[in-house]
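The next block holds one structure in the form of structure tokens; read it before the comments.
Order of listing sets the numbers, starting from 1, for every ligand and every atom in it.
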Amino acid sequence: MEPTLLLVDDEENILHALVRLLRGAGYRLLTATSGEAGLLVLDNNEVHVILSDQRMPGMSGSEFLSRVKDRHPEAVRMVLSGYSDLAAVTDAINRGNIYKFLLKPWDDDLLRANIREAFERYELGVKGAQFTKIYENTVEGILITDGNSYIQAVNPAFTTITGYGADEVVGKTPALLRSDRHDETFFRTMWKCLHETGKWTGEIWNRRKNGEEFPEWLNITAIHDPQGRLQQYVGLFTDITEHKQAEEKLRYQAYHDPLTDLPNRLMYTEHLDLALPQAERREQLCGVMMLDLDRFKNVNDTYGHEFGDKLLITVAQRLRDSIRKEDTLARMGGDEFTFLLPLVTDVQDVARVAEKVLAGFAKPLTINGKDMFVTPSIGISLFPNDGHDAETLLKNADAAMYRAKEQGRNNYQFYTTDMNALTQQRLSLENDLRQAVERSELEMYYQPKVSLKDGRIVGAEALIRWKHPERGFVPPGDFIPLSEENGLILPIGEWLLRDICQQIRHWHDEGLHPPCIAINISGRQFQRQNLPDLVAQIMADSNIQPDDIELELTEGTIMSNAETNIEMLVMLKRMGLSLAIDDFGTGYSSLSYLKRFPIDVLKVDYSFVRDITTDNNSAELVRGVIGMAHGLKLEVVAEGVETAAQLELLRQYGCDVIQGFLFSKPLPAGEFAALVKADRRLG
Ligand SMILES: Nc1nc2c(ncn2[C@@H]2O[C@H](COP(=O)(O)O[C@H]3[C@@H](O)[C@H](n4cnc5c(=O)[nH]c(N)nc54)O[C@@H]3COP(=O)(O)O)[C@@H](O)[C@H]2O)c(=O)[nH]1
């Protein structure tokens with residue numbers, strides 16, 4: 001904006017003289033011959049400096065300028081008049097309506113200098129107004145002290161942030177804001193920096209009037225006069241409470257598991273890294289205890305992930321109750337939790353914690369009003385015996401945890417050196433198993449079942465075989481439980497269902513009329529909601545009928561969550577499938593459930609059949625089971641019949657069907673077909 005000067009005088013020749021004098025000085029010049037005319041000019045133009053005569057008809061110069069002050073306070077106002085008018089304008093000068101009185105007749109140079117100075121003053125005034133606006137409205141707190149640190153002024157943001165009004169702090173020192181967070185060294189360093197460099201910037205915790213401590217980002221600058229003498233300190237600060245909270249939240253999230261709120265793997269390993277050197281210095285042990293819930297995947301598969309999440313939260317709470325405050329409990333992911341027991345003096349102390357944890361699971365967990373029994377398997381490694389770094393200790397605790405699973409779950413195991421070799425073997429077996437289907441290394445064998453009425457083959461159990469190119473024959477007992485654990489049973493189970501159904505189709509096409517083939521369904525397969533759809537789809541794809549196959553489920557599978565399982569069994573039964581309970585006698589079956597399950601066949605477990613000729617209890621049990629099954633209109637199959645003596649007793653007890661090496665081992669499809677074709681019978 002061009003600097004604009006308004007000249008007001010009732011004498012036109014004076015106005016002309018002034019215009020001549022100031023033309024070419026870089027100002028835009030406006031003129032008026034009266035106060036009233038001057039006000040009109042001001043209404044239509046932005047004017048920065050006004051030079052007015054005092055003695056004018058109508059409105060005097062001082063009156064005119066006083067009105068200007070009301071309307072345009074930023075404009076710099078001066079009077080140019082004879083000395084005799086000074087008395088008339090003195091009051092206006094004193095009231096600030098007029099900035100300067102200049103004498104007529106004027107000295108050209110002096111007048112030009114005064115007008116230049118008036119424009120400089122205008123600039124300063126504008127900047128001052130801007131500063132005042134910032135000072136008043138900024139969200140940053142401003143505190144100004146004198147050179148001795150006595151507060152001279154504070155802005156409104158200071159009051160908003162600290163709670164102190166200006167009247168409560170002026171004349172005091174900023175020490176009234178001090179929190180207890182910083183020691184004398186902190187302030188000594190701050191003052192040293194201020195003295196040496198004239199400024200200090202950093203984070204500082206202060207205290208509000210209400211006593212609350214808060215963090216601020218503070219910038220202090222020392223102000224010196226042109227001679228270098230210290231005049232003031234200006235402190236500019238921002239309340240960074242929210243920023244800190246956000247930072248703290250991010251940090252918390254990085255170190256915690258969002259589901260259970262427990263420390264996560266990152267925090268656990270950091271704690272472990274700190275605990276190890278400490279244990280070394282004190283020549284003590286440090287325990288790493290890894291815990292995995294037994295069959296948690298079944299819970300997720302059966303009740304859904306939301307239920308599984310609730311269970312994990314409840315488990316976390318129960319685990320929290322078993323630790324001391326110096327221990328760390330973390331969730332490493334999934335259903336895996338880890339304890340860190342620093343500074344342990346005795347191995348037994350760790351064993352006691354493990355026992356306490358196991359005992360904590362003796363009571364049921366209540367989820368959605370449902371009582372659930374969950375058990376953990378625990379693996380323990382100890383520093384320095386089993387490793388010197390976090391990675392090794394965790395790996396070894398993991399190996400020990402797998403041993404605990406192998407030992408029947410719901411127990412704890414300490415790491416031993418042979419475990420690593422076993423873990424390696426397990427991993428490599430798992431890797432090979434992943435490829436077994438693609439490489440066609442799996443094959444179904446068929447073990448005939450024969451009727452005790454006429455000795456004819458009335459069915460067969462399909463049993464999987466794995467012919468590994470290097471390991472040779474791998475027994476299903478070695479890889480089926482592993483595949484249940486890692487979930488591979490699902491693709492394997494689907495493969496074998498398809499393979500068996502296609503084999504049956506093939507036999508039909510050859511005109512063989514195969515007997516009903518029993519297919520083992522693992523617990524995890526059974527818990528999949530889509531099992532009926534899958535079976536229906538595969539039967540349709542292979543064009544076989546429901547009476548071509550029978551599904552065998554173990555007693556344990558059916559009895560875990562019996563109520564829910566009844567629904568699934570009913571669905572399968574409605575499809576026209578025959579259903580058998582496998583390994584009967586090894587679990588705990590409630591008779592009331594047995595009555596409600598839509599079951600057709602009950603298979604007495606091999607372990608009872610084995611002993612019937614030598615052990616009266618087994619014999620009585622088998623006899624009882626057969627009687628009870630018949631009472632429930634179920635067919636009874638005795639598994640693992642190896643001797644004629646066993647066969648004889650089973651006949652006497654009224655058993656319907658037998659399966660075992662006595663008649664035939666499980667056979668490849670071709671050999672089994674030959675046996676059926678030959679109509680071989682039990683002698
Ligand atoms: N989910 C699936 N599980 C399967 C499948 N195939 C097998 N399995 C399960 O693996 C376990 C071991 O099976 P396997 O080594 O095949 O043993 C079976 C028979 O070979 C064996 N048997 C049969 N007769 C005798 C005998 O007279 N003596 C004797 N010592 N053993 C004998 O018994 C096993 C049959 O068991 P079961 O299923 O309980 O009827 C086993 O748990 C299988 O279930 C599969 O395809 N899917």
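With a heavy-atom cut-off of 4.0 Å, Y445 does not touch ligand 1 at all. Residue contacts with ligand 1 for D582 involve side-chain atoms from C-beta outward but no N, CA, C or O (heavy atoms, distance under 4.0 Å). No part of K665 comes within 4.0 Å of ligand 1, judged by heavy-atom distances. Contact annotation: for T554 versus ligand 1, there are no heavy atoms closer than 4.0 Å.
Distances from atom 4 (C) of ligand 1 to the heavy atoms of N520, D499, L442 put N520 nearest.
Note that CG of D583 is 8.5 Å distant from CG of N520, once rounded to the nearest 0.5 Å. Atom CG in L497 sits 9.5 Å away from atom CE in M539 (nearest 0.5 Å).
Taking 4.0 Å as the cut-off, P475 does not count as a neighbour of ligand 1 on heavy-atom distance. Distances shorter than 4.0 angstrom do not occur between any heavy atom of Q659 and any atom of ligand 1.
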* To do: Could you go through the side-chain contact (heavy atoms from CB on, under 4.5 Å) check for F296 and L311 one step at a time?
  => CA-CA 9 Å; F296 176 70; L311 183 100; 3.5 Å; yes

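Checked against a 3.5 angstrom limit, the closest N/O atoms of P476 and ligand 1 fall outside it. The shortest N or O to N or O distance between F661 and ligand 1 is below 3.5 Å. Residue contacts with ligand 1: Y606 is placed with a nitrogen or oxygen under 3.5 Å of a nitrogen or oxygen of the ligand (distance criterion only). On a distance-only criterion, Q525 and ligand 1 share no N/O pair closer than 3.5 Å.
Residue contact check: G660 has heavy atoms under 4.0 Å from atoms 24 (N), 27 (O) of ligand 1. Shown in contact with D583 at under 4.0 Å from a heavy atom are these atoms of ligand 1, numbered in order with element: 39 (O).
Remark: R680 qualifies as a cation-pi partner of F663 under the 6.0 Å distance and 45° angle criteria applied to the six-membered ring.
For the pair D257 and R265, the salt-bridge criterion is not met [side-chain N within less than 4.0 Å of a carboxylate O]. Residues E391 and K395 are not paired through a salt bridge, judged by the lack of any N-O separation under 4.0 Å between the basic side chain and the carboxylate.
Residues satisfying the ring-ring contact (aromatic ring centres under 6.0 Å, His included) criterion with Y446, sequence neighbours excluded, are W507, F672.
Between V636 and D656, the shortest heavy-atom contact is N-OD2, 2.6 Å.
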